[in-house]
Amino acid sequence: MASPPPNGGSDPTRAKPDRNLALELARVTEAAALAAAPLVGMGDKEAADQAAVDGMRHMLHSVQMDGVVVIGEGEKDEAPMLYNGEHIGDGSPPQVDIAVDPLEGTELAANGMPSALAVIALSERGAMFNPGPCVYMEKLAGAPEIADLLDLDRPLADTVRLIAERRGCAVEEVMVVVLDRPRHKEGIEAIRNAGARVRLILHGDVSAALLAVTERSRVDLLWGIGGTPEGVITAAAIKCLGGQILGRLWPRNDHERQAALDAGYDLDRVLDRDDLVAGDDVFFSATGITDGDVLQGVRYPTLGGATTESLVMRTRSGTVRRIRATHDRAKLRSLRGGRL
């Protein structure tokens with residue numbers, strides 16, 4: 001069967017990342033989070049998303065890289081900033097693919113709810129999977145110690161029991177995080193009938209996956225049908241953490257199915273983290289916008305000041321950094337044209 005088409009091909013002579021860009025990416029997600037934070041709880045998800053996009057894009061052009069947005073805010077006509085195919089960075093090497101979600105959880109931020117994030121992932125050019133016409137995919141994600149147990153073709157109940165056996169606990173102690181959607185009704189029932197528990201979330205595939213692979217988390221597994229772009233971003237994070245994500249494209253209707261087949265996608269193929277992000281030097285950064293289980297959101301402890309918490313990772317070094325930063329908002333506004 002045909003494999004998904006490449007993202008424009010792969011040039012073996014391209015310059016690869018040869019320095020740690022992770023801290024520069026932390027500045028990018030911090031900028032997005034700080035820009036969106038004043039709109040948290042204001043009920044306007046479009047304005048919050050636009051603020052995050054503006055903050056992220058402004059900072060991205062200062063990063064020394066020749067980047068192409070593979071996973072962005074949409075097509076050029078629909079998203080004037082950070083659209084798929086946009087070139088970002090200052091144009092100097094290395095040549096890299098970029099996946100962005102300036103505000104993961106737009107409704108979470110608009111309603112002042114937990115776990116909204118600003119997220120970016122980076123890999124060498126040609127390494128990121130292009131989802132094409134497929135907006136959704138079925139996903140399973142878990143930590144390194146259960147990575148070999150993940151199987152999209154096995155009944156969920158059996159997988160839950162295997163996880164309990166591997167962890168040496170009762171099935172009742174296993175927790176699966178699932179998006180609260182009607183399409184997940186049967187899967188949720190299967191998990192609960194097996195004796196395991198379900199943690200329902202309204203939005204936020206990436207933050208939920210991070211929860212499933214984070215040490216000392218009470219969540220053991222992510223399952224469900226969610227965004228394919230978020231799946232690519234999640235794969236970058238999980239690759240840094242050593243866990244695993246499996247995904248299978250899930251067309252929403254016959255038109256989308258036919259478009260995917262015409263483009264050469266194999267809809268039966270199960271994609272793992274290395275299929276979704278094939279590079280061996282992957283970077284990931286996330287900054288909390290609202291408080292969540294993984295990251296603290298933007299806070300204002302003093303007049304004119306703000307704090308952020310970010311998770312920054314790189315596969316080559318295996319380094320995972322948790323960065324807490326204090327920002328002078330007046331200085332940031334002067335540097336960024338009054339955007340913050």
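- In this structure, the side chain of H184 engages the main chain of L179 through a donor-acceptor pair within 3.5 Å.
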message: With side chain to side chain contact (heavy atoms under 4.5 Å, CB included) as the criterion, how do L140 and L222 come out once you've worked through the C-alpha distance, each side chain's angles and the decisive distance to 0.1 Å?
response: CA-CA 5 Å; L140 267 180; L222 165 85; over 6 Å; no
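- At least one side-chain heavy atom of V320 sits under 4.5 Å from a side-chain heavy atom of L241.
- Going from atom CE of M175 over to atom CZ of R218 covers 6.0 Å, rounded to the nearest 0.5 Å.
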message: Under the criterion salt bridge (Lys or Arg N to Asp or Glu O under 4.0 Å), I'd like the reasoning laid out for R248 against D153: C-alpha separation, chi angles, the key distance, then a yes or no.
response: CA-CA 10 Å; R248 181 161 48 207; D153 293 317; 2.9 Å; yes
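- Atom CG of residue D272 and atom CD1 of residue I245 lie 10.0 Å apart, to the nearest 0.5 angstrom.
- Of all heavy-atom pairs spanning A116 and L103, the tightest one is CB-CD1, 4.1 Å.
- Hydrophobic clustering, with ILVMFWY side chains joined whenever heavy atoms are under 4.5 angstrom apart, groups I225 together with V135.
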message: Determine whether R192 and V198 satisfy the following criterion, side chain to side chain contact (heavy atoms under 4.5 Å, CB included), listing intermediate values before the conclusion.
response: CA-CA 7 Å; R192 288 174 172 164; V198 174; 3.9 Å; yes
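- Cluster annotation: V232 is not connected to W250 through the hydrophobic network of ILVMFWY side chains, with a link wherever side-chain heavy atoms come within less than 4.5 Å.
- K45 places none of its side-chain heavy atoms less than 4.5 Å from the side chain of N111.
- T307 and H327 are not linked by any side-chain donor-acceptor pair at a separation below 3.5 angstrom, with hydrogens and angles left out of the test.
- The shortest side-chain heavy-atom distance between L249 and Y265 falls under the 4.5 Å cut-off.
- When every heavy atom of V213 is checked against every heavy atom of A143, the shortest pair comes out as CG1-N, 3.8 Å.
- No donor-acceptor contact under 3.5 angstrom links the side chains of D254 and Q258, judged on distance only.
- Annotation: the span from R27 atom CZ to L21 atom CG amounts to 11.0 Å, rounded to 0.5 Å.
- Checking side-chain atoms of D66 against main-chain N and O of S92 turns up no donor-acceptor pair under 3.5 Å.
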task: Evaluate the side chain to side chain contact (heavy atoms under 4.5 Å, CB included) criterion for residues V63 and I88: first the C-alpha distance (whole Å), next the side-chain angles of each, then the deciding distance (0.1 Å), finally the verdict.
output: CA-CA 8 Å; V63 179; I88 53 177; over 6 Å; no
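- With N130 contributing its side chain and V70 its backbone, the two residues share no donor-acceptor pair below 3.5 Å.
- Salt bridge present: E309 and R322 bring a charged side-chain N and a carboxylate O closer than 4.0 Å.
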message: salt bridge (Lys or Arg N to Asp or Glu O under 4.0 Å), that's the test. Do R314 and D281 meet it? Break it down for me.
response: CA-CA 7 Å; R314 185 187 190 188; D281 199 8; 2.8 Å; yes
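- Between T29 and T287, the side chains place a donor N or O and an acceptor N or O closer than 3.5 Å (distance only, hydrogens not considered).
- Here the shortest heavy-atom pairing between V174 and D220 reads CA-OD2, 3.3 Å.
- Contact of the F283 side chain with the R316 side chain is not registered, since no non-hydrogen atoms from C-beta on lie closer than 4.5 Å.
- Closest approach of V312 to S285, counting heavy atoms only: CG2-OG, 3.8 Å.
- Looking at R199 and V176, their side chains never come closer than 4.5 Å, going by heavy atoms from C-beta outward.
- Once rounded to the nearest 0.5 Å, the distance linking CG of D54 with CE of M59 reads 13.0 Å.
- R183 forms a cation-pi arrangement with Y136, by the criterion of a distance under 6.0 Å to the ring centre and an angle within 45° of the ring axis.
- Across all their heavy atoms, M65 and L122 have their closest contact at SD-CD1, 3.7 Å.
- Under the 3.5 Å distance criterion, the side-chain polar atoms of R167 are left unmatched by any main-chain donor or acceptor of I146.
- Proximity of a side-chain donor or acceptor of S123 to a complementary backbone N or O of V282 within less than 3.5 Å is not detected.
- No more than 12 heavy-atom neighbours from other residues, nucleotides or ligands sit within 6.0 angstrom of CD on E165.
- By the 4.5 Å heavy-atom criterion applied to side chains, L271 and F129 are counted as neighbours.
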task: Kindly determine whether L221 and V177 satisfy side chain to side chain contact (heavy atoms under 4.5 Å, CB included), including the steps that lead there.
output: CA-CA 6 Å; L221 185 70; V177 62; over 6 Å; no
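- Using a 4.5 Å heavy-atom threshold, the side chains of P251 and L267 count as touching.
- Residue I238 is grouped with residue V219 when hydrophobic side chains (ILVMFWY) are merged at heavy-atom distances under 4.5 angstrom, including chains of intermediate members.
- In this structure, OG1 in T315 is found 13.0 Å from CZ in F284, a value given to the nearest 0.5 Å.
- A donor-acceptor pair under 3.5 Å is formed between the side chain of N84 and the backbone N or O of G72.
- One distance of note links CG of L150 with CZ of R273; it measures 11.0 Å at 0.5 Å rounding.
- The side chain to side chain contact (heavy atoms under 4.5 Å, CB included) test with M113 is passed by exactly one of T290, V40, L108: L108.
- No salt bridge links D262 with R257; every basic N to acidic carboxylate O contact stays at or beyond 4.0 Å.
- In the hydrophobic clustering of ILVMFWY residues, with side-chain heavy atoms under 4.5 Å counting as a link, I163 and V171 come out together.
- Side-chain contact between V100 and I98 is present, with at least one heavy-atom pair separated by less than 4.5 Å.
- Looking at K239 and D274, a side-chain N of the basic residue comes within less than 4.0 Å of a carboxylate O on the acidic one, giving a salt bridge.
- Contact detail for P102 and A52: the closest heavy-atom pair is O-CB, 3.4 Å.
- Using a cutoff of 4.0 Å between basic side-chain nitrogens and carboxylate oxygens, E86 and R57 are scored as salt-bridged.
- Using modelled atom types, no side-chain atom of D291 and backbone atom of Q296 make a donor-acceptor pair closer than 3.5 Å.
- Following chains of ILVMFWY side-chain contacts shorter than 4.5 Å, one can reach L246 starting from I191, so the two form part of one hydrophobic cluster.
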